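The structure under discussion appears below in the form of structure tokens.
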Amino acid sequence: MQKMNILAIGSHPDDIEFGCGGALAKFAAKGHQVSLMVMTRGGLGAPPKIRAKEQADSKLILGAQQVFWGGYRDTYLVADRNMIVKIEKVIARVQPAFIFCHYPDDTHQDHRNLCQATVSATRYVKNVLFYEGPTTQNFSPQIFIDISDTLEQKVQALKAHRSQITKTNIENLTIIELAYSSANFRGIQGRVKFAEAFHALRLFINI
């Protein structure tokens, strides 16, 4: 099997883990090289140093090779030329076969703006998949990845973001509970026990 480079892009620490952590852990376990690009250090959720340390811990759990930081302030992402160029530079360095990013319809402006910039930056990438998060709206997946064997690894990666576990947009529901519920629901849709679901901007199938 040919080894691939995988790049997951997220606005804040823990966005990637929730959206595609199970898939990334599965890629890493099969010997593919996984890289993360996180645009902010999530300073509105906790001190940036704490969140950066949590992201570093989570990276090890997922089996990712490296984290590229975008250098933006939390809630200040703008889909402009500067952001597009930053993403393009990481793409040029990683040479990914697959890219994962936020879905376009989301109530968080950072997620929407990063997705818009990523669509432009990935115009020459064959495989671009959008993942869902707790603030995603109107998500319509066509692709499912069975994460039954990596769900607990995904959960441990989310738990590494200790400062964020109870910070959801639903009262008395932790991010861990949300992750289990989402994996179960998408698994039922995909006819397996636990799954992550994706919407394709492009998915190239070579027959």
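The model shown is predicted, which means the values in this text are computed figures rather than measured ones. FYI, the numbering just counts along the sequence from 1.
- In summary, the side chains of His111 and Asp106 do present a donor paired with an acceptor at a separation below 3.5 Å, with no hydrogens or angles considered.
- No side-chain heavy atom of Phe194 sits under 4.5 Å from any side-chain heavy atom of Arg186.
- The closest donor-acceptor contact from the side chain of Lys154 to the backbone of Cys20 lies at 3.5 Å or more, if one exists at all.
- Within the 4.5 Å cutoff, no side-chain heavy atoms of Asp14 are placed close to those of Gln55.
- Only one option out of Lys159, Gln156, Arg162 pairs with Asp57 in a side-chain hydrogen bond (donor to acceptor under 3.5 Å, both in side chains); it is Arg162.
- For the 3.5 Å distance criterion, the side chains of Thr75 and Gln109 fail to qualify, holding no donor opposite an acceptor.
- Within 6.0 Å of CZ on Arg73 lie no more than 12 heavy atoms contributed by other residues, nucleotides or ligands.
- With Ser35 as the fixed residue, the side-chain hydrogen bond (donor to acceptor under 3.5 Å, both in side chains) test singles out one of Arg93, Gln66, Gln65, Lys59: Gln66.
- By the 4.5 Å heavy-atom criterion applied to side chains, Gln164 and Ile175 are not counted as neighbours.
- Under the 4.5 Å side-chain heavy-atom criterion for Ile, Leu, Val, Met, Phe, Trp and Tyr, Ile61 and Leu158 are members of distinct hydrophobic clusters.
- Partners of Phe204 under the side chain to side chain contact (heavy atoms under 4.5 Å, CB included) rule, at least two apart in sequence or in another chain, are Lys126, Asn127, Asn206.
- Phe198 and Phe100 have their aromatic ring centers within a separation under 6.0 angstrom.
- With hydrogens and angles ignored, the 3.5 Å screen pairs no side-chain donor or acceptor of Arg112 with any backbone N or O of Asp110.
- Val94 and Met37 fall within the same hydrophobic cluster, defined by Ile, Leu, Val, Met, Phe, Trp and Tyr side-chain heavy atoms under 4.5 Å apart, directly or through other members.
- Aromatic rings from Tyr131 and His102 are positioned such that their centres are separated by under 6.0 Å.
- Side-chain atoms of Leu77 and Thr40, non-hydrogen and from C-beta on, do get closer than 4.5 Å to each other.
- Aromatic ring orientation, Phe27 versus His32: perpendicular (interplanar angle above 60°, classes split at 30° and 60°).
- Contact of the Leu36 side chain with the Leu24 side chain is registered, since non-hydrogen atoms from C-beta on lie closer than 4.5 Å.
- Side chains of His199 and Phe130 form a contact here, defined as non-hydrogen atoms less than 4.5 Å apart.
- Open room surrounds NZ on Lys89; 12 or fewer heavy atoms of other groups in view lie less than 6.0 Å from it.
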